[in-house]
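Chain letters run A, B, ... following the sequence lines, proteins first and then strands; every chain starts at 1.
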Amino acid sequence: MHLGKFILIRATQIVVSFFIILTLLFVLFRVAPGDPASMVIDPQMTPEDVEVTRALFGLDKPLYQQYLICLKNFVKGEFGSSFYYGKPVIEIIGEKLPNTILLFTTSIILSALAGISWGKVIAWRRGSLLDSSVTVVGLVSHTLFLPWIALLLVWVFAYWMNWFPLTGMITPELWVDPDTGTVRKVLDVLHHMVLPLSVLFTIHFGGFMLIMRSSMMETLKEDYIVTARAKGLTERQIRERHAAKNAALPVVTSVGLSLAFSINGGAITETIFSWPGIGRELVFSVSNSDYPLAQIAFLLIAALVLVANLVVDVLYAYLDPRIKY
Amino acid sequence: MGIGQMCRRFYRLCFIFILVPLFLWVAITPSHGADIKIGMKNEPKTLNPFKASDTWSRKVVTRFYGHLYTREPKTHKIIPWLADGYPEYDEATNTAIVRLKRTKWEDGSPLTAHDVVFTGSVIREFKVPRYFYCWRCIKEIEALDDYRIKFVLERPMAIFVPRTLMNFIVQKKKWEPVVAAARKAEKPLQHLLAHDVTQPMSCGAFRFVKWARGAYIRIERNENFFATGMEIGGKKVGPYVDGILFKFYGSDDSAILALKKGDIDYYWSSIQAGYLKDLEGDRRFKVFKSDKNGVHYLAFNVRKSPFSDKAFRQAVAYLIDKDFIVVRVLQNEGQRMDNIIPPGNTFWHNPDTPKFGKGMERKERIKKAYEILKAAGYTWEKPPINAKCKVVRAEGLKMPDGREVPPLDILTPPADYDPHRAMAGMLVQQWLRGVGIPASSKPSSFGSITQQVKVKRKFDVFILGWGRLGIDPDYLRTFFHSREDRLYGRNPMGYHNGWYDKIADESAATMDETKRRDLIFKMQKFIIEEAPYIPLYVPYVLEACRVDRFTGWNEDLDGVGNGWSLFFIKPAR
């Protein structure tokens with residue numbers, strides 16, 4: 001099959017999957033107990049106010065009508081307004097998404113780079129002390145309980161040693177000062193990123209490294225490695241050009257999907273570090289029955305994961321000439 | 001790439017992401033100034049006063065928008081604020097004239113009667129939820145001149161001054177275009193509520209400066225604030241701080257750490273009792289323990305047997321050991337409740353309501369409940385009190401009609417949402433089983449409880465709470481009035497009583513506070529005796545403030561986090 005045709009078929013599948021996910025999300029949120037209007041417990045909220053609020057949210061209509069309106073709006077590119085904020089959902093996501101990308105995507109990229117580099121080195125030196133010790137470090141890092149390590153770092157480095165800010169993305173006192181320059185503001189953000197980034201790096205690094213190591217070990221058994229050696233290539237050339245490139249395939253899948261999922265952020269990390277990202281917003285919207293916001297946030301993740309799958313498939317063909325579509 | 005090269009890259013990475021900011025950290029630590037830094041758990045959702053119904057938005061928005069009357073600190077007596085004197089009310093025509101003080105908006109333009117009329121008219125025209133009910137009974141509202149407003153009421157309305165005239169006021173000039181656009185929109189109310197207020201026009205003590213989403217809001221002193229220098233409650237009104245920096249933390253843990261580290265001066269939320277010891281030992285802080293204007297209660301579905309039986313409800317009331325809940329569950333950081341109106345609401349609280357089981361031992365409670373149920377015709381296969389007057393395990397409780405008391409579910413929020421209520425539910429379950437009532441505590445999500453209680457109205461018993469009751473006791477009428485027994489109504493218990501409805505309606509139409517107080521007192525006594533609600537407890541509001549940085553906090557009902565504190569606090573040095 002030609003690559004173009006493959007992409008077309010997969011794109012069609014993605015669109016169909018996307019609408020199935022949209023329908024599932026719509027149904028799941030609506031069948032969950034409680035609606036946003038009746039959950040408001042305020043002595044000043046009269047039954048008439050609740051009815052008005054329900055009508056405002058479009059919840060007074062039958063479910064099938066709500067679904068059709070949702071589909072129609074979606075096709076028209078209207079993603080609705082958040083029940084809680086009253087603002088267009090896309091505006092809220094637009095505010096939070098860059099923050100999440102900055103932290104989580106950076107962490108995935110850095111941990112993938114470090115993981116792949118270390119993975120191939122320890123696989124090359126399999127059985128050595130370096131291999132054993134780094135593998136143990138990788139296993140520990142991969143299985144660490146995120147809240148524990150995050151709270152520990154906050155306690156030690158932010159509270160006790162006072163090296164880093166406790167939480168947040170910026171220092172308000174600095175940003176309200178009109179004399180603060182851009183460089184200082186950028187440094188301030190980097191300063192705030194250090195702890196959450198370290199936690200995420202620690203958590204992800206081990207996984208990437210272990211996948212790379214195991215894949216590299218398999219590759220090193222291949223005949224073409226023996227051939228390369230017989231050709232008199234240097235160890236570095238064999239490792240980098242022949243072994244690592246072929247071993248990278250499973251890591252590409254892992255990194256691709258992790259990058260897609262990274263926009264989901266992480267509710268736990270964002271909560272512990274008060275990082276104003278999409279993960280915290282997602283949890284908040286679900287617990288407040290803010291259907292439009294939760295739906296679109298989940299759909300965004302779904303869309304990116306579907307697209308990332310396609311990109312990974314295409315990358316496979318690029319990285320491994322034996323794969324044909 | 002060799003290991004050495006990789007290590008070098010890794011160290012370079014470490015250098016970029018850790019060391020450089022670390023070295024620069026000292027340089028970028030800002031000075032504090034005379035801003036007070038207040039931590040909040042969540043970020044406000046909006047600065048639009050028509051939409052700002054959540055706690056967090058209100059904490060910020062109320063700094064800008066004034067009202068005609070307010071409540072004096074501590075006494076909670078209604079005093080004129082933007083109004084000049086009390087309303088002149090004519091009983092014969094149900095007309096009230098309110099005069100305005102000569103005050104200004106932050107832009108220097110005068111705040112006039114037209115602003116007040118405009119605000120009221122918008123709420124009435126758009127039926128803005130939460131506010132409309134205060135304006136529903138206003139037949140006419142008219143500006144007689146720039147500083148006099150005439151209100152014509154449909155009938156006498158007790159909430160006219162404490163609610164309607166305490167409504168926020170927006171500037172007509174600023175909001176007129178928004179309202180005009182909303183009128184033309186497909187969904188006018190949605191358009192009005194969705195309006196993004198980026199620069200609120202203030203007539204309050206502070207004016208808006210900046211909102212960095214997800215991080216902070218800064219407001220500063222409004223130089224045009226009319227009340228600066230006025231003496232209220234024996235103190236001179238400021239504000240004495242340059243501004244307020246609101247910071248958002250997302251969790252109590254982060255905020256408490258920030259408080260201890262010195263990143264904030266006050267955390268505007270009640271803190272958990274577990275943090276108290278730590279903060280009390282720190283000389284920088286003063287810990288405040290205040291009464292909360294709320295109530296946590298157990299309510300019955302009185303549409304069903306045996307909950308429809310007053311004797312059964314009273315027996316349950318005797319079985320519940322509120323003091324035990326306060327001591328063991330709240331760790332003594334709260335008080336038992338024997339009333340719907342909390343004791344801190346001193347003017348309206350009736351201290352003389354029945355106090356079921358107060359001071360009784362468990363055995364005495366069981367005996368008392370047994371006596372009540374027995375007298376009402378309940379029978380047991382094996383009663384809880386045997387022939388030797390000893391408490392034994394009861395079995396087979398039957399209603400007066402001979403049917404067995406069916407298993408009943410006590411709906412409570414789950415422990416992760418509110419551990420106090422979840423634990424109280426389990427205790428109540430055990431106490432009820434003591435007389436053979438087959439009760440089971442059923443922690444459920446908040447959404448699920450509201451769905452069952454307010455929408456489906458299919459439940460047995462639930463434990464919930466009111467956290468923001470307000471000073472005016474009109475809620476006592478709405479919670480138990482038979483008119484409120486409807487979909488989304490505030491009487492989900494289905495309680496009906498003709499006498500209560502009559503007296504409640506009378507209280508709603510009584511504008512004389514003393515007469516209304518008598519009625520409210522009667523209502524409290526009656527409803528506690530009837531027991532469709534059993535008030536359980538109310539936790540204290542626990543707060544810690546940096547007294548080495550700011551002094552003069554106003555201790556009041558619901559804590560020191562109130563508008564008066566922000567008027568009165570002064571930098572300590």
Quick one: which of [options] has the most heavy-atom pairs under 4.5 Å with chain A, could you say?
options	result
B/V128, B/L257, B/L193, B/D196	B/L257
B/K260, B/K210, B/Q452, B/K187	B/K260
B/Y475, B/Y133, B/F248	B/Y133
B/K456, B/K247, B/K127, B/R218	B/K247

Can you tell me if [X] and [Y] form a side-chain donor-acceptor pair at under 3.5 Å?
X	Y	result
A/Q237	A/T234	yes
B/S57	B/D54	yes
A/D49	A/T46	yes
A/Y85	A/E281	yes
A/W124	A/D131	no

I'd like to know whether the aromatic ring centres of A/F83 and A/Y291 sit less than 6.0 Å apart in this structure.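 Yes, the ring centres sit under 6.0 Å apart.
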
Measuring centre to centre across the rings, with the benzene-like ring taken for any Trp, is B/Y131 within less than 6.0 Å of B/F50?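 No: the rings miss the under 6.0 Å criterion.
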
Examine whether an atom of [X] lies under 4.5 Å from a heavy atom of chain B, and if so say whether it belongs to the side chain, the backbone or both; otherwise answer neither.
X	result
A/F273	neither
A/T271	both
A/W175	both
A/V52	side chain
A/I272	backbone
A/I170	side chain

Tell me, side chain or backbone of [X] under 4.5 Å from chain A's heavy atoms, or both, or neither?
X	answer
B/D474	neither
B/R483	neither
B/N48	neither
B/L245	side chain

Plane angle bin for A/H204 and A/F208 - parallel if under 30°, tilted between 30 and 60°, otherwise perpendicular: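 Ring orientation of A/F208 relative to A/H204: tilted.
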
Mutual orientation of the aromatic rings belonging to B/Y297 and B/Y533 [parallel < 30°, tilted 30-60°, perpendicular > 60°]: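 Answer is parallel, since the angle falls under 30°.
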
Please report the closest heavy-atom contact between A/S82 and A/V89, naming both atoms and the distance.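 Scanning both residues, the minimum pair turns out to be N-CG2, 3.7 Å.
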
If you tally heavy-atom pairs under 4.5 Å against chain B, which of A/E95, A/K96, A/E235, A/K87 wins?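 Heavy-atom pairs under 4.5 Å are most numerous for A/E95.
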
